[in-house]
J.: 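I'd like to ask some things about the structure below.
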Amino acid sequence: MTVDEDSLRLAEAMVFAAAAPVTARQLAQVLPESADAQAVLSALAARYAGRGVELAEVAGGVQFRTAPDLAFRLRKVVQVPRRLPRVAMETLAIIAYHQPVTRGEIEEIRGASLSQSTMDTLLELGLIGPKGRKDAPGRPTLWATTAAFMTQFALRDLRDLPRREDLLVEPPDAAAQDGNQSST
Amino acid sequence: MTVDEDSLRLAEAMVFAAAAPVTARQLAQVLPESADAQAVLSALAARYAGRGVELAEVAGGVQFRTAPDLAFRLRKVVQVPRRLPRVAMETLAIIAYHQPVTRGEIEEIRGASLSQSTMDTLLELGLIGPKGRKDAPGRPTLWATTAAFMTQFALRDLRDLPRREDLLVEPPDAAAQDGNQSST
Amino acid sequence: MTAISDSGGADSLLLRLDGFEGPLDLLLELARGQKLDLARISILALVEQYLAVIEGAARVRLELAADWLVMAAWLAWLKSRLLLPKDSAEADEAEEAAEVLAARLTALQRMRAAALWLGGRPVLGHDVFARGLPEDFSVTDRSRLALDMSGLMRAYLAAVKRGAGGKPYRPARPALWSVQEALARLARLVGSLPDWNTLERFLPEHLASPLERRAAVAATLLAGLEMARGGTLRLRQDTAFGPIMLRPVMPGDGDDG
């Protein structure tokens with residue numbers, strides 16, 4: 001299927017302008033009826049491949065983002081927030097894999113109590129949100145990850161997370177170096 | 001002067017990610033020393049010419065901007081219908097059931113005085129209108145609902161309004177659901 | 001943190017005990033020291049290491065939180081059972097408990113790996129950046145009205161209820177001296193007292209509360225000002241916050257004052 005230049009320009013403008021990922025469905029609303037939104041997005045991604053700004057698939061849509069290899073040089077001029085502390089990252093991982101999950105269950109998995117500030121940090125960043133209450137004594141709040149979580153960590157959807165069984169095999173020493181290590 | 005692809009990519013990413021227009025001078029800080037920042041920006045502008053997004057020169061530097069011819073196609077009208085203030089809603093309801101009715105009678109029914117601004121709101125929205133004067137001392141204006149009122153509530157006839165008698169036998173709770181009705 | 005492989009290492013863990021996120025965290029660190037797949041780890045060795053750390057902590061009189069001690073007690077129980085001859089019911093129970101512990105450690109280890117995996121993603125705002133100046137093309141239209149029949153009905157019921165039916169509860173207003181009352185009293189009294197008198201003399205009697213008194217002072221002052229404007233009364237205050245004096249206008253008074 002060929003994609004006409006007009007649709008491509010429109011898609012480019014729309015995705016560029018948006019603050020959040022744009023879905024094919026949202027794009028279809030502004031495209032002419034004859035256009036295939038999915039095909040337009042594919043053509044757009046191809047056009048930007050290898051450039052300083054690339055089209056990334058995240059949170060069920062697409063979003064322009066700077067190419068990862070430029071991060072080092074861009075950090076000098078673009079303001080970068082602090083990375084999340086280890087506890088927050090662990091809590092986030094537990095919520096991502098066990099959602100919806102209560103605070104008590106998170107503490108049970110971590111074998112340690114969870115500070116309010118950790119929950120507050122994740123909530124303020126919009127990475128987690130309440131998702132109903134558990135049918136249990138006290139009806140504790142259930143927590144789940146949000147669309148912002150997927151946007152933040154470049155996930156198309158939750159199925160992009162590695163399977164639990166595939167997560168384990170990391171050499172002990174490598175795991176001990178917190179932070180900048182890539183996936184196993 | 002030729003511009004290398006690496007510089008072009010970096011400029012593209014930087015202008016894209018920056019929260020404010022980027023100057024040639026700022027760009028020069030991240031480019032290799034040999035590169036001519038001004039030339040890089042010119043090449044970037046040329047690359048985006050005619051596309052859905054263009055490099056615009058604005059006060060203090062350059063920034064990406066949606067091509068002007070596309071802006072209107074991306075415009076999205078968000079309908080946020082207004083609610084009437086509670087007092088206006090009550091007044092409207094009383095006029096609907098007791099029309100034609102004087103302001104004094106409305107006040108008596110509501111058990112509270114009626115501000116001119118409330119009447120003005122309903123008048124401006126065209127939901128009520130004057131309908132003669134009452135044969136009484138001072139000859140006060142009589143108020144009634146309008147055709148616009150009927151349209152708004154999808155009524156063909158005022159007799160389609162739920163009968164008052166049916167309303168008043170409703171359990172008191174129905175009114176209490178309004179929440180803040182206890183205040184005057 | 002580096003992996004700990006022997007009990008000497010466990011000693012050095014002591015000083016950093018508060019760096020651990022609870023007992024399970026320490027156990028995981030110790031397990032890592034065995035440099036083995038968690039599935040094949042020696043729970044017994046692990047238990048001994050943990051108990052050694054806790055004992056060491058007690059030796060240097062480190063304040064230990066309850067959960068560290070609860071875990072220690074449970075592990076001590078587990079150790080005693082694990083040392084029993086195989087095939088006894090207690091040993092089976094211990095094996096089961098050890099498996100549960102190993103499973104918990106595995107689950108935590110996985111979540112830690114997941115956290116690392118997430119951190120290794122091209123994280124927005126750290127490794128990749130979104131547009132710094134997004135544009136918004138949405139236009140808000142508030143011209144339409146949100147009205148529906150049920151809202152109209154509720155409003156009618158609320159209005160009618162308030163007006164005719166059961167009058168809503170209104171807290172009884174404290175009977176405060178009104179300006180009208182003060183005017184009447186002042187007009188009556190001021191003629192009978194021809195000279196300057198303090199404002200207080202014109203207050204009504206039986207003012208129970210300070211609020212009532214303040215209200216009466218304010219009302220009488222307002223009444224006084226009103227009468228002064230009408231030209232029947234004069235007011236005077238010699239010093240700021242001093243007593244306010246009044247007297248009726250008398251024949252021969254000028255326009256000053």
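Letters A, B, ... mirror the listed sequences (proteins, then strands); counts begin at 1.
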J.: Who pairs with A/Y97 by ring-ring contact (aromatic ring centres under 6.0 Å, His included), at least two apart in sequence or on another chain?
T.: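 With sequence neighbours excluded, A/Y97 shows a ring-ring contact (aromatic ring centres under 6.0 Å, His included) to no residue whatsoever.
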J.: Under 4.5 Å heavy-atom distance to chain B, tell me which part of A/V53 shows up: side chain, backbone, both or neither.
T.: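 Both the backbone and the side chain of A/V53 come within 4.5 Å of chain B.
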J.: Apply side chain to side chain contact (heavy atoms under 4.5 Å, CB included) to B/L92 and B/I128, showing your working.
T.: CA-CA 8 Å; B/L92 184 62; B/I128 63 165; 3.7 Å; yes
J.: Count the heavy-atom pairs under 4.5 Å between each of B/E5, B/E12, B/E54 and chain A, then report the option with the highest count.
T.: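 Ranked by heavy-atom pairs under 4.5 Å with chain A, first place is B/E12.
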J.: Check whether B/T146 reaches the backbone of B/G126 with its side chain - one donor and one acceptor, N or O, closer than 3.5 Å.
T.: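 Pair found, side chain donor or acceptor close to backbone of B/G126.
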J.: Flag the pair B/E90 and B/R86 as a salt bridge only when some basic side-chain nitrogen lies within less than 4.0 angstrom of an acidic carboxylate oxygen.
T.: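 Salt bridge between B/E90 and B/R86, a charged N being under 4.0 Å from a carboxylate O: yes.
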J.: Search all heavy atoms of A/A144 against all heavy atoms of A/Q99 and return the closest pair with its distance.
T.: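 Between these two residues, the closest heavy atoms are CB-OE1, 3.2 Å.
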J.: B/P140 and B/T102: which non-hydrogen atoms are nearest, and at how many Å?
T.: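 Scanning both residues completely, I find the closest heavy atoms to be CG-CG2, 3.8 Å.
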J.: Short question: side chain of A/R103, backbone of A/L114 - any donor-acceptor pair under 3.5 Å?
T.: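 Looks like yes, one N/O pair under 3.5 Å.
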J.: If you take all heavy atoms of B/P21 and B/V58, which pair is closest and at what distance?
T.: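 Answer, listing the atom of B/P21 first, then B/V58: CG-CG2, 3.5 Å.
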J.: Where along residues 41-51 of chain B does a heavy atom come under 4.5 Å of chain A, listed by residue number?
T.: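 Under the 4.5 Å heavy-atom cut-off, B/R47, B/Y48, B/G50, B/R51 qualify.
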J.: Do any of residues 63-70 of chain B come closer than 4.5 Å to chain A, heavy atom to heavy atom, and if so which ones, in number order?
T.: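 Against chain A, the residues of residues 63-70 of chain B that fall inside the cut-off (heavy atoms, under 4.5 Å) are B/F64, B/T66, B/A67, B/D69, B/L70.
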J.: Are the side chain of A/D166 and the backbone N or O of A/P162 linked by a donor-acceptor pair below 3.5 Å?
T.: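 Checking the backbone N and O of A/P162 against the side chain of A/D166, no donor-acceptor pair under 3.5 Å is found.
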J.: Residues in ring-ring contact (aromatic ring centres under 6.0 Å, His included) with A/F149, at least two apart?
T.: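 Counting only residues at least two positions away or on another chain, A/F149 forms a ring-ring contact (aromatic ring centres under 6.0 Å, His included) with A/F153.
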